[in-house]
Amino acid sequence: MIAENLAILRQKIDETCIRSGRNSDEIKLIAVSKYFGVDVIVNAKNCGLTDFGENRAQELTIKYEKLGNDITWHFIGTLQTNKVKYVVNAAELIHSVDSFELVEEINKRAEKIGKTQKILLEVKTSKEETKSGLETETEILNLVKRCFELKNLELKGLMTMAPLTDDTNIIRKSFKDLRNLKDRINNKGYNLTELSMGMTSDFEIAIEEGATMIRIGSAIFGDRDYSKDWRQV
Ligand SMILES: *Cc1c(COP(=O)(O)O)cnc(C)c1O
């Protein structure tokens with residue numbers, strides 16, 4: 001099933017790229033494997049996927065211990081300071097950094113294991129209470145500045161989640177806002193390259209608006225069954 005899903009998805013990505021004058025090589029596909037077991041991930045890897053995303057530190061750690069560095073791991077979930085060390089150990093890129101406290105802790109943990117941790121700052125581009133991320137531009141700019149002062153951090157770009165709505169104008173605005181914010185940051189002399197935006201329901205709009213990474217779960221793996229323990233599936 002993964003192979004078929006992936007073929008359909010890749011075709012949609014290609015079509016969207018052609019329509020918007022982009023090259024599909026510019027877009028990294030991150031397979032969001034949360035709630036799916038190790039066997040499913042191995043299947044997906046055999047279908048040619050290289051990058052996987054997880055949103056819980058413990059789940060990432062267990063999968064990392066089983067599958068290791070054969071896979072490029074992305075952390076995309078809410079991160080608690082006391083879990084940072086596990087995530088730094090496993091993740092190539094942390095997408096969901098949204099506070100000074102996290103930035104300092106990630107740098108500290110990365111230094112301890114002699115790593116330069118790549119990160120993205122998560123920005124709240126919607127009004128939804130349930131969404132996390134940085135909200136004010138002043139705070140974001142201060143945090144960008146801090147990231148570049150820290151030796152064991154490499155800030156690559158920004159991440160956002162669009163609001164849950166059928167109104168594509170609202171979704172598009174959220175992605176556009178992130179891209180414009182990146183441009184304003186870069187106008188201050190920085191060089192952020194990555195925009196992590198777009199999921200199963202809205203990746204086409206995200207690609208049209210400049211996404212360089214899309215985070216896709218259900219379009220690849222099918223619906224998640226939250227009632228099951230992923231260790232058993
Ligand atoms: C679960 C998740 C995704 C993937 O969602 P799908 O709708 O299954 O594609 C993407 N980004 C984040 C941050 C997620 O938590």
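Computed over heavy atoms, backbone and side chain alike; hydrogens, waters and symmetry mates excluded. Order of listing sets the numbers, starting from 1, for every ligand and every atom in it. Computed from a prediction, not measured in an experiment: that's the story for all the values here.
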With atoms numbered from 1 as shown, which atoms in ligand 1 lie under 4.0 angstrom from a non-hydrogen atom of [X]?
{"X": "Arg215", "value": "4 (C), 9 (O), 10 (C), 11 (N), 12 (C), 13 (C)"}
{"X": "Met161", "value": "13 (C)"}
{"X": "Ile216", "value": "9 (O)"}

So for Arg224, does at least one of its heavy atoms come nearer than 4.0 angstrom to any atom of ligand 1?
yes
Among protein heavy atoms, which lies nearest [atom], and at what distance?
{"atom": "atom 12 (C) of ligand 1", "value": "Ile76 CD1, 3.5 Å"}
{"atom": "atom 6 (P) of ligand 1", "value": "Thr200 OG1, 3.5 Å"}
{"atom": "atom 5 (O) of ligand 1", "value": "Met199 CE, 3.6 Å"}

Here the ring pair (Phe, Tyr, Trp, His ring centres under 6.0 Å) pairs for residues 168-227, sequence neighbours left out, are Tyr35-Tyr226, Phe36-Phe221, Phe148-Tyr190
Is Lys34 touching ligand 1 with its side chain, its backbone, both, or neither, if touching means heavy atoms under 4.0 Å apart?
side chain
Among Ser218, Gly217, Gly222, closest by any non-hydrogen atom to atom 7 (O) of ligand 1
Ser218
Pick out which of Thr81, Ile119, Leu150, Val87 makes a side-chain contact (heavy atoms from CB on, under 4.5 Å) with Ile106.
Ile119
Got a donor-acceptor contact below 3.5 angstrom from the [X] side chain to the [Y] backbone?
{"X": "Thr200", "Y": "Ala219", "result": "yes"}
{"X": "Arg22", "Y": "Ile207", "result": "yes"}
{"X": "Asn55", "Y": "Ile76", "result": "no"}

Set out, in order, the CA-CA distance, both residues' side-chain angles and the distance that settles side-chain hydrogen bond (donor to acceptor under 3.5 Å, both in side chains) for Glu26 and Thr212, then state yes or no.
CA-CA 6 Å; Glu26 298 166 24; Thr212 62; over 6 Å; no
Closer than 4.0 angstrom, basic N to acidic O: yes or no for Lys156 and Glu154?
yes
